[in-house]
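Notes follow the structure.
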Amino acid sequence: MPGTRVMFWVVNACPYCGEQHLHLAGNLRSADPGDTLGEQVAPCDPEKVYELMLPPRPRKKKGKRGRRTDWSDEDW
């Protein structure tokens, strides 16, 4: 919303109707959007609810040390 300081959670595909929905997440300056996660009423059908949650974080890639084999100085 241009000119406002309001945050929204976006549900790309509603589990009931498949459409995109927006859920108010609070004021940009004073609210923690994480507080609004959890059970929410589906805008397409007020009798149904779904749970807003963050997607899982991707696994971290192993660094160079994780990829190396266990070579000793004797092998050289």
For residues 20-27, which side-chain N or O atoms pair as donor and acceptor with protein atoms under 3.5 Å away, sequence neighbours left out?
| unit_1 | atom_1 | unit_2 | atom_2 | d |
| --- | --- | --- | --- | --- |
| His23 | NE2 | Tyr50 | OH | 2.6 |
| Asn27 | OD1 | Arg29 | N | 2.9 |

(message) By the ring pair (Phe, Tyr, Trp, His ring centres under 6.0 Å) test, which pairs, at least two apart or in different chains, include something from residues 24-49?
(response)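 As it turns out, there is no ring pair (Phe, Tyr, Trp, His ring centres under 6.0 Å) pair with a partner in residues 24-49 once direct neighbours are skipped.
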(message) Looking at Trp9 and Pro33, would you say the former's side chain and the latter's main chain have a donor-acceptor pair under 3.5 Å?
(response)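 Pair found, side chain donor or acceptor close to backbone of Pro33.
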(request) May I ask you to list the residues sharing a hydrophobic cluster with Leu28, side-chain cutoff 4.5 Å, ordered by chain and number? (result)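 Grouped by the 4.5 Å side-chain rule, Met7 form the rest of the cluster around Leu28.
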(message) Please give the remaining members of the hydrophobic cluster of Val49, linking ILVMFWY side chains under 4.5 Å, ordered by chain and number.
(response)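 Val49 shares its hydrophobic cluster with Val41.
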(request) Check step by step if side chain to side chain contact (heavy atoms under 4.5 Å, CB included) holds for Gln40 and Leu52. (result) CA-CA 7 Å; Gln40 297 285 326; Leu52 288 179; 3.4 Å; yes
(message) Quick check: is Phe8 connected to Leu54 through a chain of hydrophobic side chains (ILVMFWY, heavy atoms under 4.5 Å apart)?
(response) no
(message) Test of understanding: clusters of I, L, V, M, F, W, Y form through side-chain heavy atoms closer than 4.5 Å, transitively. Do Val10 and Met53 belong to the same one?
(response) no
(message) I need the minimum non-hydrogen distance between Cys17 and Cys14, along with the two atoms involved.
(response)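 Shortest heavy-atom contact: N-SG, 3.5 Å.
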(request) Any pair with a residue in residues 32-43 that passes salt bridge (charged side-chain N to carboxylate O under 4.0 Å, His left out), sequence neighbours left out, goes on the list, sorted by first then second residue, please. (result)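 Listed by first then second residue: nothing to list.
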(request) Just grab all the salt bridge (charged side-chain N to carboxylate O under 4.0 Å, His left out) pairs involving residues 47-58, residues at least two apart or on different chains. (result) Asp45-Lys48
